[in-house]
Amino acid sequence: MNIDFDQLNPSQVYHTMTQTIIPRPIAWVLSDHGNGKYNLAPFSYFNAVCSNPPMLSLSVGLKRDGAKKDTWRNIEERSHFVVHIPRFEDMQSVLASADPLEHGESELDHCDLKLTDFEGAPLPRLEGLPIAFSCRRAQIISLGEGPQGLILGSIHRLYLEDAIAYQDGSHSAPRVSIDALDPLGRLGASEFARVHALNPGLQDT
């Protein structure tokens with residue numbers, strides 16, 4: 001099968017890409033509504049893009065009515081956001097937080113999730129999540145006819161739960177046990193993946 005993307009409509013392209021670019025990490029993003037409430041939403045068009053300075057990317061689309069999604073709008077207006085890496089056990093909460101709400105409403109009011117202080121960061125983080133990045137908007141690039149907002153965020157702090165981190169002697173930075181983290185990966189359609197380390201002793205190259 002040889003697929004010509006020029007012959008596909010945007011919906012077909014999206015479903016083809018999400019079925020074949022797998023597994024994808026999930027960014028569970030907390031942003032500030034500016035009214036005392038926080039938005040929480042998952043995105044799998046997400047990854048690390050730079051180490052010096054440390055940066056990550058999110059690609060955020062529009063709501064069905066054509067308005068910018070709350071994450072895009074909040075980051076555009078207030079700059080700061082927190083990216084969490086969800087675990088397999090968080091799958092149902094991740095799905096629940098993807099349900100559409102009116103702007104200004106918080107998914108935290110509908111999910112069994114709590115916030116805790118993120119030391120040194122302007123926004124809180126989700127309690128119990130083992131990885132959280134405190135980020136600030138670096139740039140938002142409008143892409144395509146959607147448009148899609150490519151959000152580049154500068155990473156300023158990392159919360160890393162001690163229970164999933166270890167030192168192996170070959171790196172000055174802590175290593176993360178993938179099996180202890182048990183991260184949730186995104187596949188196509190409504191499918192998810194559970195990620196395990198197959199070569200835990202393999203050295204980075």
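The distance from the CE atom of Met91 to the CG atom of Leu184 is 6.5 Å, given to the nearest 0.5 Å. One distance of note links CG of Leu143 with OG of Ser59; it measures 6.5 Å at 0.5 Å rounding. The distance from atom CH2 of Trp72 to atom CZ of Phe81, rounded to the nearest 0.5 Å, is 14.0 Å. Here Leu126 contributes atom CG and Ile85 contributes atom CD1; the two are 11.5 Å apart, rounded to the nearest 0.5 Å. We find the OG-CD distance between Ser177 and Glu161 to be 11.5 Å, quoted to the nearest 0.5 Å. Note that CG of Leu152 is 5.5 Å distant from CD of Gln139, once rounded to the nearest 0.5 Å.
Ile21 and Phe43 are assigned to two separate hydrophobic clusters, defined by single-linkage of ILVMFWY side chains at heavy-atom distances under 4.5 Å. Leu181 and Phe46 end up in the same hydrophobic cluster when Ile, Leu, Val, Met, Phe, Trp and Tyr side chains are linked at under 4.5 Å. The cluster map of Ile, Leu, Val, Met, Phe, Trp and Tyr, joined by side-chain heavy atoms under 4.5 Å apart, puts Leu113 and Val29 in different clusters. Leu129 and Phe133 are members of different hydrophobic clusters when ILVMFWY side chains are connected at heavy-atom separations under 4.5 Å. Each of Ile26 and Ile22 belongs to its own hydrophobic cluster when Ile, Leu, Val, Met, Phe, Trp and Tyr are linked at side-chain heavy-atom distances under 4.5 angstrom.
Of all the heavy atoms in Cys111 and Ser97, the pair that sits closest is SG-N, 4.1 Å. Here the closest heavy-atom approach between residue Ala197 and residue Asp179 is recorded as N-OD1, 3.5 Å. Shown here for Thr116 and Pro124, the closest heavy-atom pair between the two residues is O-CB, 3.3 Å. The minimum heavy-atom distance between His84 and Val82, with the atom names listed, is CE1-CG1, 3.5 Å. Closest heavy-atom contact between Leu58 and Ala27: CD2-CB, 3.6 Å.
In terms of modelled atom types and a separation under 3.5 Å, the side chain of Asp90 and the main chain of Ser93 share no donor-acceptor contact. One N or O on the side chain of Arg78 and one on the backbone of Asp32 form a donor-acceptor pair closer than 3.5 Å. Not one N or O on the side chain of Gln19 forms a donor-acceptor pair closer than 3.5 Å with the backbone of Thr16. Although no hydrogens or angles enter the test, the distance criterion places no donor-acceptor pair under 3.5 Å between the side chain of Arg125 and the main chain of Gly128. Judged by distance alone, with hydrogens and angles left aside, the side-chain atoms of Ser106 form a donor-acceptor pair with the main-chain N or O of Tyr38 at under 3.5 Å. Between the side chain of Arg157 and the backbone N or O of Ala121 there is no donor-acceptor pair closer than 3.5 Å. Between the side chain of Arg186 and the main chain of Thr18, no donor-acceptor pair closer than 3.5 Å is present. Between the Glu107 side chain and the Leu40 main chain, a donor and an acceptor come within less than 3.5 Å of each other.
Looking only at side-chain heavy atoms (C-beta outward), Val83 and Trp28 stay at 4.5 Å or farther from each other. For the pair Asn39 and Ser31, the minimum side-chain heavy-atom distance is below 4.5 Å. Between Leu108 and Leu115 there is a side-chain heavy-atom pair separated by less than 4.5 Å. Here the side chains of Leu150 and Ser57 are in contact, with some heavy-atom distance below 4.5 Å. Annotation: side chain of His196 is in contact with side chain of Asp182 (closest heavy-atom distance under 4.5 Å). Side chains of Pro100 and Lys63 form no contact here, defined as non-hydrogen atoms less than 4.5 Å apart. Counting heavy atoms from C-beta on, the side chains of Ile151 and Val60 come closer than 4.5 Å. Residues Ile155 and Ser134 have side chains not in contact (no heavy-atom distance under 4.5 Å, counting atoms from C-beta outward).
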| query | Should Glu119 and Tyr159 be marked as a side chain to side chain contact (heavy atoms under 4.5 Å, CB included) after you check the CA-CA gap, both sets of side-chain angles, and the distance that decides it? | reply | CA-CA 9 Å; Glu119 184 179 354; Tyr159 169 77; over 6 Å; no
### Message
Walk me through whether Arg24 and Ser44 qualify under side-chain hydrogen bond (donor to acceptor under 3.5 Å, both in side chains).
### Response
CA-CA 6 Å; Arg24 299 185 305 283; Ser44 67; 3.1 Å; yes
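A salt bridge links Asp109 and Lys37; the closest N-O separation between the charged side-chain nitrogens and carboxylate oxygens is under 4.0 Å. Salt bridge status for Arg73 with Asp70: absent, with no side-chain N to carboxylate O gap under 4.0 Å.
The environment of CG in Asn35 is crowded: more than 12 heavy-atom neighbours from other residues, nucleotides or ligands sit within 6.0 Å. Shown here is Glu127, whose CD atom has more than 12 heavy atoms of other residues, nucleotides or ligands within 6.0 Å. With a 6.0 Å radius and a threshold of 12 heavy atoms from other residues, nucleotides or ligands, Asn52 has its CG atom at or below the threshold. Counting heavy atoms of neighbouring residues, nucleotides and ligands inside a 6.0 Å radius, atom CG of Asp4 exceeds 12 of them.
Pro174 pairs with exactly one of Asp162, Ile164, Leu160 by the side-chain contact (heavy atoms from CB on, under 4.5 Å) rule, that one being Leu160. Screening Lys68, His80, His33 against Asn74 for a side-chain hydrogen bond (donor to acceptor under 3.5 Å, both in side chains) leaves a single residue, His33.
Taking the six-membered ring for Trp and thresholds of 30 and 60 degrees, Tyr14 and Tyr45 have ring planes inclined between 30 and 60 degrees apart.
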